[in-house]
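Single-structure report; data block below.
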Amino acid sequence: MSTALQMTAFGLALLSTLFLLLATCTDCWMVNADDSLEVSHKCRGLWRECVTNMQDGVRTCDQYDSILADHPVKIVVTRTLLITADLLAGLALATLILGLDCIMFLKEEPHVKLKMCCGAGVILGVASLLGFVGSVWYAVDVYVERAMLVSHNIFLGVHYDFGWSCWLGMAGSTGCFMASVLLTCCLY
């Protein structure tokens, strides 16, 4: 039973970490949600902004000036939280791999291996919290920005909505949390 739980938690943690990494690297955190007939599809990410022509499929991307340049707070905070979550989830995966019962490392010390799994669960819990806060922070800021424009009857031609990268960050954070619960609460 313990081995099956460990393997389930490991698979979930691996998939969730990949989701978090993809969310950090991809560039579709905000998409244009205009109801009119658009000839292009616009995505804004943490690192660049891309426009895809819907007629011929040509995609062009503009990198943001510099990592150190003045950026909106939502981009800086989301970058920081997601990069930290990615690093912590990677550390948790390394710790979890060494703590698995099927790995020969410290085979004669099952108590130490159990503590390693529990420690990996705690680290995954912190990573999930950071990733979720970063993703939700960005999503709330997009919503507030749109609500402010609507409440002031301002129409700039393009309204943005949550992109698939934002949802991927939330899914990865939720998966890390579930793996954390499996490792810290259910393993004993």
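Sequence positions, counted from 1, serve as the residue numbers for this chain. All of these numbers come straight from a predicted model, not from anything done at the bench.
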Would you compute the distance between atom [atom1] of [X] and atom [atom2] of [Y] and round it to the nearest 0.5 angstrom?
X: Thr60; Y: Glu49; atom1: OG1; atom2: CD; value: 9.5 Å
X: Cys28; Y: Leu46; atom1: SG; atom2: CG; value: 11.0 Å
X: Thr84; Y: Arg79; atom1: OG1; atom2: CZ; value: 13.0 Å
X: Gln6; Y: Leu182; atom1: CD; atom2: CG; value: 11.0 Å
X: Cys166; Y: Met30; atom1: SG; atom2: CE; value: 10.0 Å
X: Thr24; Y: Leu168; atom1: OG1; atom2: CG; value: 9.0 Å

Go through the structure and list residues passing side-chain contact (heavy atoms from CB on, under 4.5 Å) with [X], not counting sequence neighbours.
X: Asp62; value: none
X: Leu81; value: Val77, Leu130, Val133
X: Leu98; value: Phe105, Met116

- [ ] Please name all residues satisfying ring pair (Phe, Tyr, Trp, His ring centres under 6.0 Å) with Phe162, sequence neighbours left out, ordered by chain then number.
- [x] Trp167

Open item on the list: Has Trp29 got a side-chain atom pairing as donor or acceptor with Ala23's backbone, closer than 3.5 angstrom?
Closed with: yes

Is there a side-chain contact between [X] and [Y] in this structure, where contact means two heavy atoms from C-beta onward sitting under 4.5 Å apart?
X: Cys117; Y: Leu96; answer: yes
X: Phe177; Y: Leu124; answer: no
X: Thr26; Y: Trp164; answer: yes

Which heavy atom in [X] sits nearest to a heavy atom in [Y], and how many Å separate them?
X: Cys43; Y: Val31; value: SG-CG1, 3.5 Å
X: Tyr138; Y: Arg44; value: OH-O, 4.3 Å
X: Ile123; Y: Leu91; value: CD1-CD2, 4.0 Å
X: Ala127; Y: Ala85; value: O-CB, 3.4 Å

Are [X] and [Y] grouped together when hydrophobic residues (ILVMFWY) are joined by side-chain heavy atoms under 4.5 angstrom apart?
X: Phe10; Y: Leu183; answer: yes
X: Leu88; Y: Leu129; answer: yes
X: Leu21; Y: Leu93; answer: no
X: Ile75; Y: Val144; answer: yes
X: Trp47; Y: Leu87; answer: yes

Under the side chain to side chain donor-acceptor pair (under 3.5 Å) rule, collect the residues that match up with [X], sequence neighbours excluded.
X: Ser135; result: none
X: Thr95; result: none
X: Asp27; result: Arg48, Arg59
X: Ser173; result: none

Show me the side-chain donor-acceptor pairs of residues 50-57 shorter than 3.5 Å, one per line, residues at least two apart or across chains.
{"unit_1": "Asn53", "atom_1": "OD1", "unit_2": "Gln55", "atom_2": "N", "d": "2.9"}
{"unit_1": "Asp56", "atom_1": "OD1", "unit_2": "Val58", "atom_2": "N", "d": "3.2"}

For residues 12-19, run the donor-acceptor check on the side chains, cut-off 3.5 Å, and write out each pair with its distance to 0.1 Å, sequence neighbours left out.
{"unit_1": "Ser16", "atom_1": "OG", "unit_2": "Leu12", "atom_2": "O", "d": "2.7"}
{"unit_1": "Ser16", "atom_1": "OG", "unit_2": "Cys176", "atom_2": "N", "d": "3.3"}
{"unit_1": "Thr17", "atom_1": "OG1", "unit_2": "Ala13", "atom_2": "O", "d": "2.7"}

TODO: May I have all residue pairs that pass salt bridge (charged side-chain N to carboxylate O under 4.0 Å, His left out) and include part of residues 84-96, sequence neighbours excluded?
DONE: none

